[in-house]
Amino acid sequence: MARRYWLMKTEPGTFSIDDLARRPGGRAFWDGVRNYQARNLLRDEVRPGDGVLVYHSGIPDPAVVGTAVVVGPATPDPTQFDRRSPYHDPGADPGAPRWYGVEIALETVFARPVTLETLRATPGLEGMVVLRRGNRLSVSPVRPEEWSIIVARGA
DNA sequence: GCCAACGTTGGC
DNA sequence: GCCAACGTTGGC
């Protein structure tokens, strides 16, 4: 199957691309996804080798700040069973996990973050899911052309 | 801090 | 199964 591309949101106050860069090998388990549509993408569509646009949300200038690569298949997110985790889900059953995550590895930190404002203003990106009004998907698909445009602007 | 948008929950 | 209430996301 051809390599596919995704945009994953994170609040940098919780986990930023710099936090990712500080991990050994730039690797981290992308956890805490608690939305069924995003979960389904992670579990059923995202594959090792796929490209990830890392997006910082909840800040004055939300932006794509770099890229990563998916390095493992979706596996159950352990935080759902962890009572002390902010992502704990009392309804999750260890016999039938509800939430999944994937391991990713940092590829590039953009020299120039590609801001939401730029995304909106750039021809060819009009159809991006992340630009849709009221969009709340924390994992969303990215077309190859969109990936190319954004990487060319940021790297 | 505000609030629109949207997903989820729960009463019926 | 409907839908109002509620909680959360996320841009502004």
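Quick note on labels: first sequence line is chain A, next is B, and so on, each numbered from 1.
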When you group the ILVMFWY residues by side-chain heavy-atom contacts below 4.5 Å and let the links chain together, are A/Val142 and A/Met8 in the same group?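 No, because A/Met8 and A/Val142 fall into different hydrophobic clusters, even though each may have its own neighbours under 4.5 Å.
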Phosphate-side-chain proximity, A/Lys9 and C/dG10, N/O vs OP1/OP2 below 4.0 Å: yes
Should A/Tyr87 be listed as having a side-chain N or O under 4.0 Å from OP1 or OP2 of C/dT8? no
Could you give the [atom1]-to-[atom2] distance, from [X] to [N], as a whole number of Å?
X        : N      : atom1 : atom2 : value
A/Glu117 : C/dC12 : CD    : P     : 9 Å
A/Arg132 : C/dG11 : CZ    : C1'   : 17 Å
A/Gln37  : C/dT8  : CD    : P     : 19 Å
A/Asn135 : B/dC6  : CG    : P     : 9 Å
A/Asp61  : C/dG10 : CG    : C1'   : 14 Å
A/Leu131 : C/dG11 : CG    : P     : 10 Å
A/Arg34  : C/dG10 : CZ    : P     : 14 Å
A/Asp89  : C/dT8  : CG    : C1'   : 15 Å

When the side chains of residues 51-71 of chain A are checked against the rest of the protein, which donor-acceptor pairs come out under 3.5 Å, sequence neighbours left out?
from	atom 1	to	atom 2	distance (Å)
A/His56	NE2	A/Ile17	N	3.1
A/Thr67	OG1	A/Thr108	N	3.4
A/Thr67	OG1	A/Thr108	OG1	2.8

Would you indicate which nucleotide in B/dC6, C/dG11, B/dT8 comes nearest to any side-chain atom of A/Arg136? B/dC6
Ignoring the backbone of A/Pro62, work out which of B/dT8, C/dG11, B/dG7 is nearest its side chain. C/dG11
Answer yes or no: does atom CD of A/Glu117 have more than 12 heavy-atom neighbours from other residues, nucleotides or ligands under 6.0 Å? no
Can you confirm whether the side chains of A/Asp18 and A/Ser16 place a donor and an acceptor under 3.5 Å from each other?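 Looking only at side-chain atoms, A/Ser16 and A/Asp18 do not form any donor-acceptor pair under 3.5 Å.
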So what does A/Leu116 hit on the nucleic acid, given a heavy-atom distance under 4.0 Å: a base, only sugar-phosphate, or nothing?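 Counting heavy atoms under 4.0 Å across all strands, the contact made by A/Leu116 is with sugar-phosphate only.
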